[in-house]
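Everything below concerns the one structure shown next.
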Amino acid sequence: SGDADLEGGHQMERLLTTSSKQRETSARLESTLRVCEESEGVGAGVLEALHGQRQTIGSSLAKVRDADEDLARSGKALRLMERGQMFDTMLKAAAKCLIVFLIIFILWYIATRKT
């Protein structure tokens with residue numbers, strides 16, 4: 001009966017130890033589950049932020065493309081204006097040469113008519 005009591009005491013001690021270990025493991029698992037849930041929430045927030053950033057980048061890209069098209073049109077307009085200015089400058093130079101030629105011709109004509 002003494003051996004049975006000793007054996008029963010060991011079994012009870014092992015049972016208590018096992019029960020304590022189960023409670024510790026359960027507590028650790030619950031803690032780990034809370035961390036996982038928090039991580040999942042953080043991950044969902046990050047994904048939502050990334051989605052918003054993607055939309056912002058897409059919108060910015062569209063604006064940059066529009067600006068590029070506007071710059072291309074502006075460049076064409078400037079080139080046309082430059083050509084027009086060059087033509088005007090050449091036309092003014094030709095008119096000045098013609099006026100000088102006419103003045104010289106008139107002076108020559110007056111000078112040669114008297115003689």
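- Atom CZ of Arg79 is separated from atom NZ of Lys76 by 7.5 Å, given to the nearest 0.5 angstrom.
- Atom-to-atom distance recorded for Gln22:CD and Thr17:OG1 is 11.5 Å, nearest 0.5 angstrom.
- Every residue was checked against the salt bridge (charged side-chain N to carboxylate O under 4.0 Å, His left out) condition with Arg83, not counting sequence neighbours, and none meets it.
- To the nearest 0.5 angstrom, Thr56 atom OG1 is 12.5 Å from Leu61 atom CG.
- At a threshold of 4.5 Å between side-chain heavy atoms, the hydrophobic network of Ile, Leu, Val, Met, Phe, Trp and Tyr places Ile99 and Leu107 in one connected group.
- When the side chain to side chain contact (heavy atoms under 4.5 Å, CB included) test is applied to Arg14, the partners found at least two apart in sequence or on another chain are Glu7, Gln11.
- Checked by atom type and distance alone, the side chain of Ser31 never pairs as donor or acceptor with a backbone atom of Ala27 at under 3.5 Å.
- For Val100, the side chain to side chain contact (heavy atoms under 4.5 Å, CB included) partners are Ile104, not counting sequence neighbours.
- Ser20 meets the side-chain hydrogen bond (donor to acceptor under 3.5 Å, both in side chains) test with no other residue; sequence neighbours excluded.
- Sorted by first and then second residue, the side chain to side chain donor-acceptor pair (under 3.5 Å) pairs with a member in residues 63-75 read Asp70-Arg73; sequence neighbours excluded.
- No side-chain heavy atom of Gln85 sits under 4.5 Å from any side-chain heavy atom of Met81.
- One distance of note links OG1 of Thr25 with NZ of Lys21; it measures 9.0 Å at 0.5 Å rounding.
- Rounding to the nearest 0.5 angstrom, the gap separating the CG atom in Leu33 from the CD atom in Glu30 is 8.0 Å.
- Residue pairs meeting the side chain to side chain donor-acceptor pair (under 3.5 Å) criterion with at least one partner in residues 32-53, sequence neighbours excluded, are His51-Gln55.
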